[in-house]
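Side chains included, hydrogens not; waters and symmetry mates left out as well; all remaining heavy atoms used. Reminder, nothing fancy here: chain letters follow the sequence lines and each chain counts from 1.
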There are 2 protein chains.
Amino acid sequence: MDTSKSNRAASGAAYSVHGLKAEDLAAIGRLPLFCDLPPAILADMTAEASVTKYQRNEIIFHQGDIPTALRVVLDGQVGLTGTVTDGGETMVEILKAGEMFIAAAVLTEKPFLMSAVALQTARILSLPGDRFRRDVRESPDIAFLMLASMAKHFSMLVREVKDLKLKSAAQRLALYLLGLTAKREGSTIVRLPHSKSVIAARVGVRPETLSRAFAHLRERGVAVDGHAVAIADIPALRVYCHEGEEII
Amino acid sequence: MDTSKSNRAASGAAYSVHGLKAEDLAAIGRLPLFCDLPPAILADMTAEASVTKYQRNEIIFHQGDIPTALRVVLDGQVGLTGTVTDGGETMVEILKAGEMFIAAAVLTEKPFLMSAVALQTARILSLPGDRFRRDVRESPDIAFLMLASMAKHFSMLVREVKDLKLKSAAQRLALYLLGLTAKREGSTIVRLPHSKSVIAARVGVRPETLSRAFAHLRERGVAVDGHAVAIADIPALRVYCHEGEEII
DNA sequence: GCAAAGACATGACGCCGGTCAAATCACCCA
DNA sequence: TGGGTGATTTGACCGGCGTCATGTCTTTGC
């Protein structure tokens, strides 16, 4: 395992052998994902882990690759994109710090259905697959952690399928904007965390269509100025895109 | 509390006590989902289970309800549909015998994002949520089972998101048809397991559009006659809809 | 300061799929 | 057997979104 030092990817450099700096380990322990885990188990789980840094737009892995490690975003942002030979490409999910990804692929040892790319400079924790699968089998705590995480992402995907099938581009954009703020009353100003073309891919439209979607939302009290977006009436926007109407 | 469960495990009499017919339990044990589970654990897991029969088109639960039990399809077919106040409705997934569903909602105790309806007369196994959540925490076997099941459904959803964003209605229909057969060479005849309107909802289009999609596929060697569909050239159809091209 | 490049907005146009309406077909039941 | 009801098909039409092209603004490098 100590060979990890020599086989660092051309992209990003792995840290040392048992690799984790104390500060990284501490940071991991503070993640919502792991903070409920008993320290001993956390230490065990991360014993073979490593941290890699990726530059903006750097590919973390390609669709079709066989997974080797569970990944966790420590810093930055990661986009998961699916591709079809046609030339089509779409962003299925954007991950923020503290989220794990590709658990399903690592558990089933099936090829990735998506590629991962760093949308901003990102530090990624890698938990080697063999050890991870063993840990999951042996530790109910870890298994439950994984279940909780997968259940959450599962729900997000279900929501996404419904939105794609049932809502317009402008409604999906409104949902995305509302997802950027915790406020559910009055008005607010949010800052777009990505370029518009990345947001377009996330919303599932072309950049041109995103522009027009913003134009539509203008008459519903959404003003755009560069990366700053002002929402005049949050409840009205929520009604417009049917946010939180799972409870019919 | 653990003593009682291991005692009950071996005894056939205990099954009927808790209301599960012996034949049902036998059938459950044969499901791919559960067949790897040690019999003792299976017996424990199903100790408070019950079996309910639903008629065709009967609602099993509504979107927005709070989940009370994990469900498993023993017989028949179940559709999961999402609704938006607009009036829009879409089928997110169709479940066959042997598949569990709503594990994510039961684990997180969040309201259902979808409604479930019996597409055919169906027998559904219900595993009460409290006990199920406890079992998952205490038994690594059960937790791992759930993880495997959720990982599988997760992958299916990812695929669905990609297909919705990147493929045409006719391509999605072709994917659906190919999913009805295990053959990957030559030609075949498949039987549609649902009405065309259910298939339309599953593919994510209106029934009218499904008709037209079938018409498109006609010139690619797909002949429809009632519920029988003849596929003249399976590989050609696979190329058309980019099936199995996750490995780019 | 200026040129080149990229991000974004906007217009023109076409296609896909939704909607509405009508016709045909299948099946059920009196 | 005949009517009735629902499923499916087909046509006409429209709107949303993709595509291509152009224009503007900002950024970057010299």
Side-chain angles (χ1 to χ4, degrees), chain A residues 56-57 83-84 86-91 119-120 161-177 191-220 222-229 240-241, chain B residues 55-57 79 83-84 86-91 117 119-120 162-177 191-220 222-229 240-241:
Chain A
R56 178 186 157 93
N57 290 332
T83 316
V84 170
D86 265 345
E89 177 167 348
T90 188
M91 186 154 308
L119 299 176
Q120 299 175 354
V161 170
K162 285 172 57 177
D163 292 345
L164 280 173
K165 284 191 179 179
L166 298 173
K167 292 178 184 173
S168 70
Q171 285 175 313
R172 295 201 301 272
L173 172 59
L175 282 171
Y176 173 81
L177 293 175
R191 185 172 169 73
L192 299 180
H194 323 281
S195 72
K196 298 243 170 81
S197 45
V198 169
I199 294 174
R202 177 64 191 74
V203 172
V205 296
R206 302 274 122 196
E208 298 94 320
T209 304
L210 186 79
S211 267
R212 289 167 182 130
F214 269 121
H216 280 139
L217 293 186
R218 208 174 293 148
E219 62 203 37
R220 296 190 172 268
V222 176
V224 189
D225 177 23
H227 276 198
V229 176
Y240 168 66
C241 62
Chain B
Q55 298 304 319
R56 179 186 155 93
N57 290 331
T83 316
V84 169
D86 265 345
E89 178 167 349
T90 188
M91 186 154 308
V117 57
L119 299 178
Q120 299 175 355
K162 285 173 58 178
D163 291 346
L164 281 173
K165 284 191 178 179
L166 298 174
K167 292 179 185 172
S168 71
Q171 286 175 313
R172 295 201 302 271
L173 173 58
L175 282 170
Y176 173 81
L177 293 176
R191 184 172 171 74
L192 300 178
H194 323 282
S195 72
K196 297 244 171 79
S197 44
V198 169
I199 294 174
R202 178 62 190 74
V203 171
V205 297
R206 302 275 123 197
E208 300 93 319
T209 304
L210 185 78
S211 269
R212 289 168 182 128
F214 268 123
H216 279 139
L217 294 186
R218 209 173 292 147
E219 62 204 38
R220 296 189 172 267
V222 176
V224 189
D225 177 23
H227 275 199
V229 177
Y240 169 66
C241 63

Integer-rounded Å distance: [N] [atom2] and [X] [atom1]:
X        : N      : atom1 : atom2 : value
B:Leu210 : D:dT9  : CG    : P     : 7 Å
B:Asp225 : C:dC25 : CG    : P     : 14 Å
A:Glu208 : C:dA7  : CD    : P     : 13 Å
B:Lys167 : D:dC17 : NZ    : P     : 22 Å
A:His216 : C:dA9  : NE2   : P     : 14 Å

task: Decide yes or no for A:Arg172 and A:Val205: does some side-chain heavy atom of the first lie under 4.5 Å from some side-chain heavy atom of the second?
output: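 Side-chain contact under 4.5 Å: yes.
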Give a yes/no answer on whether the side chain of [X] brings an N or O atom under 4.0 Å of OP1 or OP2 in [N].
X        : N      : value
B:Arg206 : C:dT19 : yes
A:Ser211 : C:dA9  : yes
B:Thr209 : C:dC16 : no

message: Base, sugar-phosphate or nothing for B:Gly204? Non-hydrogen atoms, less than 4.0 Å.
response: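 Sugar-phosphate, backbone atoms only, no base.
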field: From CZ (A:Arg218) to CZ (A:Arg220), nearest 0.5 Å
entry: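 Reported value, rounded in 0.5 Å steps: 14.0 Å.
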task: Measure from the side-chain N and O atoms of B:Lys196 to the backbone N and O of B:Ser211, and report whether any donor-acceptor pair falls under 3.5 Å.
output: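 No; judged by distance alone, with no hydrogens or angles, the pair does not exist.
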task: Determine yes or no for a side-chain-to-main-chain donor-acceptor pair under 3.5 angstrom, with B:Lys165 supplying the side chain and A:Met91 the backbone.
output: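 Checked: pair present.
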- prompt: Choosing from C:dT10, D:dA12, C:dG17, which nucleotide comes nearest the side chain of B:Ser168?
  reply: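 So the side chain of B:Ser168 is nearest to C:dG17.
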